[in-house]
Amino acid sequence: VYSYTILIRGLVRARQWRAIDRLVAEIEREGRVVLDNVAFCTVIAGAGKAGEVEEALRWFQRMQERGCVPDTVTFNAVINAYGRAGRLKEAMAVLESMAGAGLEPDRVTFSTLLSAFGSAGMRDEAVSMFERMQGAGQGVDLVAYGSMLDLYAKAGELDEALKLLRQMQAGGVSPDAACWNCLFHGMGKAGRVDEAYALFAEMREAGCAPDQVTYSTLIWMCSTAGMIDRALAVFRLMEGEGFCPDEYCYTALLNHYASARQWQRAAAVFQELKQKGCPFGEVTYSAMINVFSKAGRLAEAEATFTEMKLAGHPPNTVVYSCMIDMCGKARSLERAVALFREMLGAGCTPNAVTYNTLIDVFGKNGRMAQAEAAFQEMRLAGLQPDRVTYSAMINGRGQAELYPEAIQLFEEMRAARCQPD
RNA sequence: CGGUGGUGUAAUGCGUGUU
């Protein structure tokens, strides 16, 4: 069982879900080994983290069908799979069945729930659970603190986050790198670069060693704020400290060059990353394609698009949306449509952004009939039109001089509980 | 050290001073 679990773990890391199916089928056919909680939980946890909730649930069900009784660790993994997907009601239902099985929630369960509240945007519920945990005088460990710091930072409540950090320190708890990183990310989102730098100095004075995430977050923050010199300085700093900049660091730089329309610099950075042998995947490819797309370099974007396919990375929804957007802005409607077809043929599912892009592309090119069709199709696919959808539609109808129809969309927006901004 | 919890990167509309 141990050996097979290690094998399964490898497949989980590589996200080879079908290969896991085959392996488990074979193990069961041989019948010499019976998989246990650890083996099943490895798959459930991995799938949950990868956002493959259905995959996780399938395994949870399958293990029970095989007569394997889930333990606390497995229940926690299932709760986390739902929680990360923002499916809080279902997470709570699993918590119930856990209790029904006579298992007590442990401190992992609690911080899993805190993050789940965070993902579901249920800030107040998280705060009250956290306070109850503190009141109970046990169970508040660094991960629980980290979950709360992340939640506050993502909600833009930086002062609350700072307050909590000070509270930890006052209580003799030293924040670890993950805790500090949550604050840096929040500061980055808020554009509070100088404060982040001050905190970074404080982190080091406190004797907490920055990690890869710290550096990539700082680089991302500077890049996003348009401070490329600072971003590059952090890049050099981390190298000086013996860290090897990873895919996240490079992608942050690429993203800056995309907004700055500096595609040559981006191309040089992309080249450097490859030369250093730094592993990278679809996100970095899409960032590079986005650079070319924003700069209107169609040929280069197409070349990178082909390159990623050849490298064994099938383009995902983000890449297709980006390519379609580029073609639309370049008025290459045929190519845009061809890409959308290719996407469907490749089994890549369009999301709201893809449809919004199509609607905008058609509308801007005077093809309202196709924009309307995309608008329909989007809803048929079960996707909720959002503000971007409506404003792209309103624009399109406006450009087509369909004024009453445009105004009507404004009304539909309200009816669809999509508040105009 | 066979399994569970917190942190980082990419795509869409409008607007933000010159179509």
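Below, chains carry the letters A, B, ... as their sequence lines are ordered, and counting in each starts from 1.
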For Arg62(A), give me all partners under salt bridge (Lys or Arg N to Asp or Glu O under 4.0 Å), at least two apart in sequence or on another chain.
Asp21(A)
Kindly state which residues belonging to residues 214-222 of chain A come within less than 4.0 angstrom of RNA chain B, counting heavy atoms of the residue only, listed by number.
Ser216(A), Thr217(A), Trp220(A)
With a non-hydrogen cut-off below 4.0 angstrom, is Cys249(A) in contact with a base, only sugar-phosphate, or nothing?
nothing
So Ile324(A), base contact, sugar-phosphate only, or nothing? Heavy-atom distance under 4.0 Å.
nothing
With heavy atoms under 4.0 Å as the rule, sort Thr74(A) into base, sugar-phosphate or nothing.
base
Step by step, would you call Phe280(A) with Tyr248(A) a ring pair (Phe, Tyr, Trp, His ring centres under 6.0 Å)?
CA-CA 9 Å; Phe280(A) 65 98; Tyr248(A) 290 83; over 10 Å; no
Checking all strands, does Asp71(A) fall into the base, sugar-phosphate, or nothing category for heavy-atom contacts under 4.0 angstrom?
base
Hey, do the aromatic rings of Phe60(A) and Phe40(A) have their centres closer than 6.0 Å?
no
Distance flag, aromatic centroids of Tyr145(A) and Phe130(A), threshold under 6.0 Å:
yes
With a cut-off of less than 4.0 Å, is there a side-chain N or O of His256(A) near OP1 or OP2 of U9(B)?
no
Which part of the nucleic acid does Ala39(A) contact within heavy-atom distance under 4.0 Å: base, sugar-phosphate only, or nothing?
base
Measure from NZ or CZ of Arg379(A) to the centre of the six-membered ring of Tyr355(A) and say whether it is under 6.0 Å with the direction within 45° of the ring axis.
no
What does Thr112(A) touch in the nucleic acid at a heavy-atom separation under 4.0 angstrom: a base, only the sugar-phosphate, or nothing?
sugar-phosphate
Given A10(B), is OP1 or OP2 found less than 4.0 Å from the side-chain N or O atoms of Asn290(A)?
no
Across the strands shown, which category fits Val319(A) at heavy-atom distances under 4.0 angstrom: base, sugar-phosphate, nothing?
nothing
Reckon Asp36(A) touches a base, only the sugar-phosphate, or nothing at all at heavy-atom distances under 4.0 Å?
base
Pairing of RNA chain B as dot-bracket, 5' to 3': ( ) intra-strand, [ ] crossing, | other strand, . unpaired, with Watson-Crick or G-U pairs under 3.5 Å?
...................
Going by the rule salt bridge (Lys or Arg N to Asp or Glu O under 4.0 Å), which residues pair with Glu202(A) if we only count those two or more places apart in sequence or in a different chain?
Arg166(A)
Please tabulate the protein-to-nucleotide N/O contacts below 3.5 Å involving nucleotides 13-17 of chain B, giving atom names and distances.
unit_1: G13(B); atom_1: OP1; unit_2: Lys329(A); atom_2: NZ; d: 2.9
unit_1: G13(B); atom_1: O3'; unit_2: Lys364(A); atom_2: NZ; d: 3.3
unit_1: G13(B); atom_1: O2'; unit_2: Asn395(A); atom_2: ND2; d: 3.2
unit_1: G13(B); atom_1: N2; unit_2: Ser391(A); atom_2: OG; d: 3.3
unit_1: G13(B); atom_1: N3; unit_2: Ser391(A); atom_2: OG; d: 2.7
unit_1: C14(B); atom_1: OP1; unit_2: Lys364(A); atom_2: NZ; d: 2.9

Quickly work out the Phe75(A) CZ to G5(B) P distance and round it to whole Å.
17 Å
Measuring only between side-chain heavy atoms, which start at C-beta, is Glu104(A) closer than 4.5 Å to Met98(A)?
no
Centroid-centroid distance, Tyr215(A) to Phe243(A), less than 6.0 Å
yes
Going by side-chain hydrogen bond (donor to acceptor under 3.5 Å, both in side chains), name the pairs with one or both residues in residues 35-45 of chain A, residues two or more places apart or in two chains.
Asn37(A)-Thr74(A)
Does the plane of the ring in Tyr285(A) sit parallel, tilted or perpendicular to the ring in His313(A)? Use 30° and 60° as the thresholds.
tilted
Figure out the CZ/P separation between Phe117(A) and G6(B), and round it to whole Å.
15 Å
